[in-house]
Chemist: 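Sharing a structure with you now.
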Amino acid sequence: MISDRVKGSRVIRTALPAEAETIAALHQRARSTYYPDGLPDDGIDWVAAWRGAVERPDGQVLCVVEGGVITGMASFRAPDNGPADTVKLFQFHVDPDHWRSGIGTSLHAACVEQWRADGKRAAVLDVHVDNRRAQAFYARQGWIPDPENPPAEGDHHLFLRFFVPGE
């Protein structure tokens, strides 16, 4: 892991298992913004899921902390049955109260820095079709539609790919 990244009062660091409840609450607030009919009850215990993500030895959860408050987070690891030089960005969220403040850009840059340090050449993700804000953000960061995974009829997600730049 690359050491904590500090930009002014903003610190980007590895999340702690004790922060799972806070991260799950931020996740819920962010997800609820792109479900026009309200956040569906998916039956997932998100606190347990986030604790598991933080504790996974083969993954990483980065969080953005400003003034002692977590304002963003990203979760990534190797995709199941994927190439060794590829990482999957499973979750990437910024607290809606902090949108357009540079948190997402800083967090994305920290992810790319980590992926490069880990020898990853590409990253993949899927984004909800109704989440236009996230799609625009990812496009600004250099993500493109994944040519290896085009959407099928009725998909609720778009699949994107990012090529990790070299040194």
Chemist: Any sub-3.5 Å donor-acceptor pair from W46's side-chain atoms to Q28's backbone N or O?
Modeler: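 No, the answer is negative, given that no donor and acceptor are paired below the 3.5 Å cut-off.
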Chemist: Between V112 and F162, does the side chain to side chain contact (heavy atoms under 4.5 Å, CB included) criterion hold? Intermediate values first, please.
Modeler: CA-CA 10 Å; V112 172; F162 177 82; 3.6 Å; yes
Chemist: Measuring only between side-chain heavy atoms, which start at C-beta, is E19 closer than 4.5 Å to L16?
Modeler: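 In contact.
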Chemist: Look at the side chain of Q135 and the backbone N and O of H128, then say whether any donor-acceptor pair between them is shorter than 3.5 Å.
Modeler: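 Looks like yes, one N/O pair under 3.5 Å.
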Chemist: Looking only at non-hydrogen atoms, find the nearest pair between A110 and I12 and report the distance.
Modeler: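 Of all heavy-atom pairs spanning A110 and I12, the closest is CB-CG2, 3.8 Å.
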Chemist: Over all heavy atoms of both residues, which pair between C111 and F76 is shortest? Give the atoms and the distance, please.
Modeler: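 Distance-wise, the nearest heavy atoms are SG-CE2, 3.8 Å.
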Chemist: Is there a salt bridge (charged side-chain N to carboxylate O under 4.0 Å, His left out) between D80 and K88? Walk through the geometry before answering.
Modeler: CA-CA 9 Å; D80 295 335; K88 181 167 183 178; over 6 Å; no
Chemist: Flag the pair F159 / E148 as yes when at least one side-chain heavy-atom distance between them is below 4.5 Å, and no otherwise.
Modeler: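 No. Closest side-chain heavy atoms not under 4.5 Å.
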Chemist: Scan residues 90-99 for pairs that pass salt bridge (Lys or Arg N to Asp or Glu O under 4.0 Å), counting only residues two or more places apart or in two chains.
Modeler: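 Listed once each, the pairs are R29-D95.
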Chemist: Would V129 and H157 count as a side chain to side chain contact (heavy atoms under 4.5 Å, CB included) here? Give the steps.
Modeler: CA-CA 5 Å; V129 295; H157 289 87; 5.5 Å; no
Chemist: Restricting to pairs with a member in residues 43-62, which pass salt bridge (Lys or Arg N to Asp or Glu O under 4.0 Å), not counting sequence neighbours?
Modeler: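 Passing the test, one end in residues 43-62: R56-D58.
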Chemist: Within the 4.5 Å heavy-atom criterion, are R10 and S101 side-chain neighbours or not?
Modeler: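 With C-beta onward as the side chain, the pair touches.
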Chemist: Any chance the rings of W143 and F137 have centres within less than 6.0 Å?
Modeler: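 No, they do not, as the ring centres are separated by 6.0 Å or more.
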Chemist: Can you list every salt bridge (Lys or Arg N to Asp or Glu O under 4.0 Å) pair that touches residues 138-147, not counting sequence neighbours?
Modeler: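 Qualifying pairs: D146-R161.
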Chemist: Assigning hydrophobic clusters by single linkage (Ile, Leu, Val, Met, Phe, Trp, Tyr; side-chain heavy-atom cutoff under 4.5 Å), is I103 placed with V65?
Modeler: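 I103 does not cluster with V65.
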Chemist: According to the interplanar angle, ranging from 0 to 90°, do the rings of H27 and H93 count as parallel (below 30°), tilted (30 to 60°) or perpendicular (above 60°)?
Modeler: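 Geometry flag for H93 against H27: tilted rings.
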Chemist: Has R121 got its NZ or CZ under 6.0 Å from the middle of the six-membered ring of F163, at an angle within 45 degrees of the ring axis?
Modeler: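 No, R121 does not sit over the ring of F163.
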Chemist: Just by distance, do the side chain of R116 and the backbone of P165 share a donor-acceptor pair under 3.5 Å?
Modeler: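 Yes; at least one donor-acceptor contact below 3.5 Å.
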Chemist: Counting C-beta onward and ignoring hydrogens, is there a side-chain heavy-atom pair between S75 and W50 closer than 4.5 Å?
Modeler: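 Of all side-chain heavy-atom pairs linking W50 with S75, at least one is under 4.5 Å.
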Chemist: Give me the atom names and distance for the closest heavy-atom approach of L107 to G72.
Modeler: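 Heavy-atom minimum between the residues: CD2-C, 4.1 Å.
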Chemist: Yes or no on side-chain hydrogen bond (donor to acceptor under 3.5 Å, both in side chains) for Q114 and D118, after CA distance, side-chain angles and deciding distance?
Modeler: CA-CA 6 Å; Q114 187 64 52; D118 291 343; 3.0 Å; yes
Chemist: Is the closest side-chain heavy-atom distance between V87 and R77 below 4.5 Å?
Modeler: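 Not in contact.
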Chemist: Where do I23 and I70 land on the side chain to side chain contact (heavy atoms under 4.5 Å, CB included) test, with the steps shown first?
Modeler: CA-CA 7 Å; I23 291 170; I70 295 176; 4.2 Å; yes
Chemist: At their closest point, which heavy atom of L89 faces which heavy atom of L125, and how far apart are they?
Modeler: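 In terms of heavy atoms, the two residues are closest at O-CB, 3.5 Å.
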Chemist: Tell me, do V124 and T86 make a side-chain contact under 4.5 Å, heavy atoms counted?
Modeler: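 Heavy-atom side-chain distance check passes, below 4.5 Å.
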Chemist: State, to 0.1 Å, how close A122 and V164 come at their nearest heavy-atom pair, and which atoms those are.
Modeler: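 Looks like N-CG2, 3.9 Å.
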Chemist: On a heavy-atom basis, which atom in P150 and which in P147 lie closest, and how many Å separate them?
Modeler: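 Heavy-atom minimum between the residues: CD-O, 3.9 Å.
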Chemist: Among L62, V54, L26, V64, exactly one meets side chain to side chain contact (heavy atoms under 4.5 Å, CB included) together with M73. Which residue is that?
Modeler: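 Among L62, V54, L26, V64, the one meeting side chain to side chain contact (heavy atoms under 4.5 Å, CB included) with M73 is L26.
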Chemist: Take F92 and Q141 through the test side chain to side chain contact (heavy atoms under 4.5 Å, CB included) and record every step on the way to the result.
Modeler: CA-CA 13 Å; F92 190 98; Q141 303 308 312; over 6 Å; no
